[in-house]
Amino acid sequence: MVITKFHYVRLRKRMKEQRYTIKALASRIGMDRGSLSDKLNSKVDFTQKDMVNIATVLGINLEEISHYFFE
């Protein structure tokens, strides 16, 4: 079984561009800071709901969501 580890470089860059810390983004999407940190560090997978919520807050077009979460 192969486990893919994502690095979320584009997502972190977008967070920085929008001036969101992990704590601030987590609060905005209703998640605790530790959970978002674990997800950004590939310890826990993002749910589809997480991805949509984050994309909405960061102004990511839903058609481009894969570039932020799967590359």
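For clarity, every value in this text was computed on a predicted model and none was experimentally measured.
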* Structure fact -> Sorted by chain and number, sequence neighbours left out, side chain to side chain contact (heavy atoms under 4.5 Å, CB included) with E17 holds for K13, R14

* Pairs where residues 15-65 contributes a residue and the test ring pair (Phe, Tyr, Trp, His ring centres under 6.0 Å) is met, not counting sequence neighbours -> Y8-F46, F46-F69

* Test side chain to side chain donor-acceptor pair (under 3.5 Å) applied to S27 - qualifying residues, sequence neighbours left out -> none

* **L11 side chain reached by L58 side chain, heavy atoms, under 4.5 Å** => yes

* To do: Could I get the full list of side chain to side chain contact (heavy atoms under 4.5 Å, CB included) partners for K23, not counting sequence neighbours?
  => T21, R33

* Structure fact -> side chain to side chain donor-acceptor pair (under 3.5 Å) filter on T47, not counting sequence neighbours, yields D50

* Identify, with sequence neighbours excluded, every residue that meets side chain to side chain donor-acceptor pair (under 3.5 Å) alongside H67. => E71

* Asked: Going by heavy atoms in the side chains, are L36 and I54 under 4.5 Å from each other?
  -> yes

* Asked: Applying the 4.5 Å side-chain criterion to the ILVMFWY set and letting contacts propagate, would V44 and V52 be lumped into a single cluster?
  -> no

* side chain to side chain contact (heavy atoms under 4.5 Å, CB included) partners of S35, counting only residues at least two apart -> M31, D32

* CZ of R19 to CG of L25: how many Å apart, nearest 0.5 Å? -> 15.5 Å

* Check S37 against I22 and note the closest heavy-atom contact, atom names and distance. => N-CG2, 4.0 Å

* Distance from L62 atom CG to M51 atom CE, nearest 0.5 Å? -> 11.5 Å

